[in-house]
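Just so you know, these numbers use all the heavy atoms, side chains as well, and skip hydrogens, waters and symmetry mates. In this chain, residues are counted from 1 in sequence order.
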Amino acid sequence: SIATFYTNEDLSSRIHYMFQVLDADQSGSLSCEELNYGLRKLNLHPPIHLTPDDFEVLTEGFSLCNESKELEPPGFEAMMRTQLRQYIQMQAASAVLRADPVG
């Protein structure tokens, strides 16, 4: 699982592996359509479907993409690290809100 990494290098390795799994045509890049196809193959619950607008936001206005608006491994890793950071921040904030008040 990508969320259970032990070192920075371990996280990079897991993200790279995920990229390879999602890159169905082995082209070395992921379009929005190919990313959606790969996400469907993972049978996630709940399923994830990205609209073109979602893809644009996730790729920071396509700045993480190549000239064809596709993610290559470095951009995919940057996107995944951002998403993981945001997920951890949401989980931490949620845990604080659920905690009993001290005193």
Side-chain angles (χ1 to χ4, degrees):
S1 163
I2 202 163
T4 56
F5 61 93
Y6 300 101
T7 65
N8 194 42
E9 293 77 22
D10 183 32
L11 177 58
S12 289
S13 176
R14 290 168 189 255
I15 292 171
H16 181 71
Y17 176 75
M18 179 181 277
F19 181 89
Q20 291 177 320
V21 168
L22 295 172
D23 186 15
D25 64 3
Q26 300 300 300
S27 65
S29 62
L30 294 171
S31 65
C32 180
E33 295 80 19
E34 188 174 12
L35 182 55
N36 274 316
Y37 176 77
L39 290 170
R40 279 193 306 274
K41 284 190 338 184
L42 296 177
N43 290 321
L44 300 170
H45 299 285
I48 298 172
H49 176 77
L50 302 174
T51 66
D53 288 341
D54 295 332
F55 188 75
E56 183 175 359
V57 169
L58 289 171
T59 61
E60 300 174 18
F62 302 114
S63 68
L64 299 177
C65 296
N66 62 21
E67 61 280 349
S68 299
K69 294 187 177 178
E70 295 184 345
L71 280 167
E72 294 177 335
F76 181 76
E77 181 165 351
M79 179 190 76
M80 290 303 297
R81 285 177 176 272
T82 297
Q83 292 305 304
L84 186 57
R85 187 177 313 107
Q86 289 174 353
Y87 174 77
I88 291 168
Q89 289 170 343
M90 283 189 331
Q91 293 298 311
S94 194
V96 168
L97 290 174
R98 287 191 311 269
D100 290 335
V102 177

Nearest non-hydrogen partners of Met80 and Met18, listed with the distance | CE-SD, 3.8 Å

Check: Arg85 and Gln89 side chains under 4.5 Å, non-hydrogen atoms | yes

Met79 and Thr59 have their tightest heavy-atom pair at SD-CG2, 4.5 Å

Without hydrogens or angle criteria, can the side chains of Asp54 and Thr51 be said to hold a donor-acceptor pair below 3.5 Å?
-> yes

Closest non-hydrogen atom pair between Phe19 and Leu71, with its separation | CE1-O, 3.6 Å

Can you check whether Ala78's main-chain N or O pairs, donor with acceptor, with Thr82's side chain at less than 3.5 Å?
-> yes

Could you tell me whether the side chain of Ile48 reaches within less than 4.5 Å of the side chain of Leu42, counting heavy atoms only?
-> no

Is the shortest heavy-atom distance from the side chain of Leu84 to the side chain of Leu11 under 4.5 Å?
-> yes

Provide the full list of salt bridge (Lys or Arg N to Asp or Glu O under 4.0 Å) pairs with a residue in residues 23-46, sequence neighbours left out, each pair given once.
-> none

Do Tyr37 and Leu44 sit in the same hydrophobic cluster, where Ile, Leu, Val, Met, Phe, Trp and Tyr count as joined when their side-chain heavy atoms come under 4.5 Å apart?
-> no

Nearest heavy-atom neighbours spanning Phe76 and Leu22 | CZ-CD1, 3.7 Å

Inter-residue atom distance Asn66.CG - Ser31.OG, 0.5 Å rounding | 10.0 Å

What salt bridge (Lys or Arg N to Asp or Glu O under 4.0 Å) pairs are there with at least one residue in residues 63-83, not counting sequence neighbours?
-> Glu77-Arg81

Heavy-atom closest contact (Leu50 atom, Cys32 atom, distance) | O-SG, 3.8 Å

